[in-house]
Amino acid sequence: MNLEDHLGDVLHKGRLHAGVAPETVAAAAGLSSAELAAVEASGNPPRPMDYRALGALLGLAPNKLQGLAAGWQPAPVDLGRWRELRLLTSVGGGMGVNCYLLWDEVTREAALFDTGFDAAPILELIAAEHLDLRYLFITHGHHDHIAALPELKQRHPKARLRSNSRSAPPDQRNRPNDCISLGSLRITNRDTPGHAEDGVTYIVGTWPDDAPHVAIVGDALFAGSMGRAVGAAALARQKIRDQILSLPAPTLLCPGHGPLTTVAEEQANNPFC
Ligand SMILES: [Zn+2]
């Protein structure tokens with residue numbers, strides 16, 4: 001899976017977050033305004049840019065910008081290590097979005113994290129694996145993440161809904177100290193607002209064979225980037241630091257868009273971190 005954000009997307013997001021004019025960014029990079037616009041669109045600089053000046057201007061780590069420019073990708077993850085965890089990607093309006101289904105392999109109790117656009121492959125997997133869908137966890141209320149929710153609720157009316165949405169009834173809202181059991185798995189939550197006011201990260205632990213924790217982060221963080229958080233970038237970055245990157249280094253990070261990554265990968269390579 002390609003990165004959700006290439007170098008140009010990261011620079012574009014960085015300047016929107018920092019509230020800096022494109023001409024100022026172009027000057028720092030050592031490019032013309034037209035060249036910067038082309039880099040933001042393609043991700044490919046026409047020549048080496050001044051990453052140190054860019055980083056200082058936008059609050060991004062220069063060496064990690066350079067890493068992105070050099071083609072960094074997170075190491076591929078073998079999901080077979082987690083029993084059981086599946087990534088399902090659906091497409092709507094030309095945009096791909098990830099959702100995640102996980103279950104206890106003994107009890108077959110399952111939880112879905114976001115729905116994406118298409119209920120069909122999720123329903124097929126639930127049926128094929130003889131799963132008992134207990135929970136629908138929502139990372140935030142943006143349309144691409146909940147588009148298939150009505151159909152899933154209709155097909156699995158007993159599945160309990162959980163989100164940070166203020167408009168949700170109290171019994172469907174996450175509480176800070178929730179620890180939900182799904183067979184032998186344990187699911188907790190941490191508030192990660194910024195990209196969305198109701199943004200929340202779910203952490204799943206106690207996997208068989210000591211597989212690392214799994215954090216389903218929604219759009220708080222992408223491999224090598226973060227969700228757009230214009231007007232709330234400082235809050236978003238603080239939550240990434242305090243609530244996500246404080247998890248153990250091998251923790252698997254499951255973003256709403258783009259490839260899987262880990263805490264260690266993002267600490268070493270994400271320009272926003
Ligand atoms: Zn979103």
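As the structure lists them, so they are numbered: ligands from 1, and atoms in each ligand from 1. Side chains included, hydrogens not; waters and symmetry mates left out as well; all remaining heavy atoms used.
For the Zn ion (ligand 1), the nearest N, O or S atom contributed by Asp219 is named OD2. Residue-level check: among N/O/S atoms of His142, ND1 sits closest to the Zn ion (ligand 1).
At least one N, O or S atom of His140 sits under 2.8 Å from the Zn ion (ligand 1).
For His6, the side-chain contact (heavy atoms from CB on, under 4.5 Å) test picks out Asp9, with sequence neighbours left out.
Hydrophobic clustering (side-chain heavy atoms under 4.5 Å, transitive across Ile, Leu, Val, Met, Phe, Trp, Tyr) keeps Tyr100 apart from Trp103.
In this structure, the ring of His145 has its center less than 6.0 angstrom from the ring center of His257.
Salt-bridge annotation for Asp78 and Arg81: absent, with no side-chain N of the basic residue lying under 4.0 Å from a carboxylate O of the acidic one.
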